[in-house]
Amino acid sequence: MNIGKIKILFSNTRQVKRMSSFFTYHPDRTPDHMGETRKLNMFQAINNAMDIVLEKDSTAVVFGEDVGFGGVFRCTIELQKKYGKERVFNTPLCEQGIVGFGIGLATCGSTAIAEIQFADYMFPALDQICNEAAKYRYRSGNLFNCGKLTIRTPCSAIGHGALYHSQSPEAYYTHTPGIKIVIPRGPAKAKGLLLACIRDNDPCLFFEPKALYRAAVDEVPIADYESELGKADILLTGSDVTLIGWGTQVHVLLEVAELAKEKLKVNCEVIDLVSLLPWDKQTVVNSVKKTGRVVIAHEAPKTSGFGSEIAATIQEECFLHLESPIARVTGFDTPFPHVFEPFYLPNKWRCFQAIKELTEY
C-alpha cells in the first residue's frame, strides 16, 4: 500500500468537507466539574488520551503500521518523538502479527495499544481477536488474561473510501463474548472512552469513525478522565419516537430530530449507544416503552447488522408498548460503493421518511 498516496487521500481537508456534508456535528457539552478544557478535534483527543497513558504507565506501548510518524490520520503524531522508539513503534504490514503481538504483551503485564490502520483490514486478525484475546481469561480459568490489550481502528464512511476503506464491521465482533466494543461520537467522548478501554480488565476494540477525526471539535477536558463503558447516552429527550445510533450516525439522528420537530411536530428521543458490547439494553427499553416507536440507524448492511440485535431485544421486551413496527435505516446489502456512496448511507432524509411512516402507521 502506498502510504504517501493514502496520506494525501485521507488527510485532504476537501475530502473532510465532502463527508461533513452528510451530517452536521453537534458538539458535546463539557460538565463544569471537569475543569479546564482545550478545543480539540477527535484525532487530537485520541492522541491526548494515549499521551496520558504513556506518561503515567511505564509499561504502556503503542504499535501498528506507520504509527511512528503519526499514522494515516495522525492519531499518534509526536508520541514516538516524546517516548522513544521502544514504546511507540511501527510494525510489519501484518494484522495477525499486530494483534498476536499485543496479546503476548498484555498477558505478560504490559499495557498494549495496537492500531489497525483501517477496520476493513481487521479480518486477517479475526482468529487472534475472537479465538485468542476474547477467550484467554475463560480458557485459563482466570489464571491469565489479556485485558490490558486495546485495539484502535478507523471505521465507517470517509466520503470516498469505497469497499476497502469505508466499511463498518462492528457487528462481526459483537458475536464474541469476552471483548468490549466501543464507538465514540466525538472528541470529548473519545478521550474518556479510550482511557476507560485501555484501563479495562477485558480486551477492547475501539472503533473510530474516520469522518469525525477532523470534522468533530469539542471543548475537551485537559484532565485525565474516563467515560463509563456499557452506558448509553440520551442526547435529546422526547416522547414520540426513539432514535438509536452510534458514531457518526448519532449526528445524523440529532439533525433528523430537529427536522421532525419542525416539519412533523414530532418530539424524538436520541440515544447514542456508545458501546455495542456490552450495550445498554435498559436505557433503550425504557425509552421505547415511553415513545412506542423506534428507528435504529447504522452504516453497516442491514442483514445481521447490530440493529438486528437491538430490534430483537425491543420486540422481546417492549412488544405490548409498540405503536408501530421497528424501523431500521441502514446501509444496503451490497459491498460499500464508491460513486454511489451518498445513496448508500442512511442520511437524514431516509431517517426522516422512517419517522414519518412510523407516526402515520
Side-chain angles (χ1 to χ4, degrees), residues 22-32 182-186 188-189 193 209 212 216 218 227-276 278-300 302 305-330 345-361:
F22 293 127
F23 66 93
T24 299
Y25 181 69
H26 295 71
D28 277 336
R29 294 181 180 178
T30 305
D32 294 336
V182 177
I183 307 178
R185 66 175 177 269
K189 199 70 179 178
L193 288 170
L212 295 176
D218 286 341
S227 298
E228 185 179 355
L229 304 180
K231 179 64 177 174
D233 290 336
I234 299 175
L235 303 180
L236 185 67
T237 57
S239 57
D240 300 321
V241 183
T242 298
L243 309 181
I244 304 170
W246 50 89
T248 309
Q249 203 61 35
V250 169
H251 304 288
V252 175
L253 294 179
L254 285 168
E255 192 171 0
V256 171
E258 295 172 4
L259 192 64
K261 188 170 186 179
E262 177 189 347
K263 303 290 186 183
L264 304 175
K265 309 304 179 188
V266 170
N267 292 312
C268 296
E269 183 147 294
V270 179
I271 297 176
D272 174 10
L273 215 54
V274 179
S275 61
L276 304 190
W279 68 283
D280 189 351
K281 299 177 184 178
Q282 197 58 56
T283 293
V284 169
V285 167
N286 290 346
S287 177
V288 176
K289 284 183 177 179
K290 177 177 65 173
T291 65
R293 301 176 179 87
V294 58
V295 176
I296 305 162
H298 59 68
E299 292 183 16
K302 187 174 187 177
F306 193 69
S308 302
E309 176 63 26
I310 300 170
T313 300
I314 291 170
Q315 192 277 336
E316 291 169 353
E317 301 289 336
C318 309
F319 181 71
L320 296 179
H321 297 267
L322 291 173
E323 300 290 343
S324 64
I326 300 164
R328 286 179 288 160
V329 184
T330 70
L345 291 172
N347 60 27
K348 66 179 180 180
W349 299 113
R350 289 176 58 197
C351 294
F352 178 79
Q353 181 62 29
I355 294 171
K356 188 172 185 293
E357 290 174 0
L358 293 190
T359 54
E360 294 176 351
Y361 182 79

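None of the values given here were measured: they were computed from a predicted structure.
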> Residues two or more places apart in sequence or in another chain: which of them pass salt bridge (Lys or Arg N to Asp or Glu O under 4.0 Å) with Glu309?
Replying inline: none

> Taking the side chain as C-beta and beyond, is there a heavy-atom pair between Cys351 and Gln249 under 4.5 Å?
Replying inline: yes

>> Just checking Lys290: does its NZ atom have more than 12 heavy atoms from other residues, nucleotides or ligands closer to it than 6.0 angstrom?
In response: yes

>> Angle between ring planes, His298 versus Trp246, binned at 30° and 60°: parallel, tilted or perpendicular?
In response: parallel

> Would a 4.5 Å heavy-atom cut-off, applied to side chains only, mark Leu273 and Ile310 as touching?
Replying inline: yes

> Parallel, tilted or perpendicular: which describes the rings of Tyr25 and His251, with under 30° parallel and over 60° perpendicular?
Replying inline: tilted

> Is the shortest side-chain N to carboxylate O distance from Asp233 to Lys189 below 4.0 Å?
Replying inline: yes

>> Using every non-hydrogen atom in the two residues, find where Val294 and Leu358 come nearest and quote the distance to one decimal.
In response: O-CD1, 3.4 Å

>> If the condition is side chain to side chain donor-acceptor pair (under 3.5 Å), which residues does Thr237 pass it with, not counting sequence neighbours?
In response: none

> Which pair of non-hydrogen atoms, one from Leu212 and one from Gly247, has the smallest distance, and what is that distance?
Replying inline: CD1-C, 4.3 Å

> Counting distance only, does the side-chain N/O of Arg185 pair as donor-acceptor with the main-chain N or O of Val250 below 3.5 Å?
Replying inline: no

>> Using side-chain hydrogen bond (donor to acceptor under 3.5 Å, both in side chains), reason through Ser287 and Glu269 one step at a time and then give a plain yes or no.
In response: CA-CA 8 Å; Ser287 177; Glu269 183 147 294; 2.8 Å; yes

> Rounded to the nearest 0.5 Å, what separation is found between the CD atom of Glu228 and the CG atom of Leu193?
Replying inline: 10.0 Å

>> Restricting to non-hydrogen atoms, name the atom on Gly230 and the atom on Ser275 that form the minimum distance, rounded to 0.1 Å.
In response: N-OG, 2.8 Å

> At their closest point, which heavy atom of Thr330 faces which heavy atom of Lys302, and how far apart are they?
Replying inline: OG1-CB, 3.1 Å

> Which atoms form the tightest heavy-atom contact between Leu253 and Gly245, and what is the distance?
Replying inline: CD1-N, 3.6 Å

> Who are the salt bridge (Lys or Arg N to Asp or Glu O under 4.0 Å) partners of Asp240, not counting sequence neighbours?
Replying inline: none

> What closest approach, in Å, do Pro209 and Ile183 show between heavy atoms, and which atom pair accounts for it?
Replying inline: CG-CG2, 3.8 Å

> For the atom pair CG (Asn267) and CG (Leu236), what is the distance rounded to the nearest 0.5 Å?
Replying inline: 8.0 Å

> What's the spacing between Glu255 CD and Asn347 CG if we round to 0.5 Å?
Replying inline: 9.5 Å

> Hey, is Lys281 close enough to Glu317 for a salt bridge, meaning N to O under 4.0 Å?
Replying inline: no

> With side chains defined as the heavy atoms from C-beta onward, is the minimum distance between Ile314 and Val284 less than 4.5 Å?
Replying inline: yes

> How far does SG of Cys318 sit from CD of Glu323, to the nearest 0.5 angstrom?
Replying inline: 12.0 Å

> Can you name the residues that form a side chain to side chain contact (heavy atoms under 4.5 Å, CB included) with Thr283, not counting sequence neighbours?
Replying inline: Lys231, Ala232, Ile234, Ile271, Asp280

> What residue among Leu254, Val256, Val295 forms side chain to side chain contact (heavy atoms under 4.5 Å, CB included) with Val270?
Replying inline: Leu254

>> Phe352: which residues meet the ring-ring contact (aromatic ring centres under 6.0 Å, His included) condition with it, sequence neighbours left out?
In response: none

> So, do Leu243 and Ile355 sit near enough that their side-chain heavy atoms are less than 4.5 Å apart?
Replying inline: yes

> Backbone N or O of Ala188 within a donor-acceptor pair of the Asp218 side chain at under 3.5 Å?
Replying inline: yes

> Can you name the side chain to side chain donor-acceptor pair (under 3.5 Å) partners of Glu360, sequence neighbours left out?
Replying inline: Lys356

> Quick one: does Trp349's side chain get under 4.5 Å of Leu259's, heavy atoms only?
Replying inline: yes

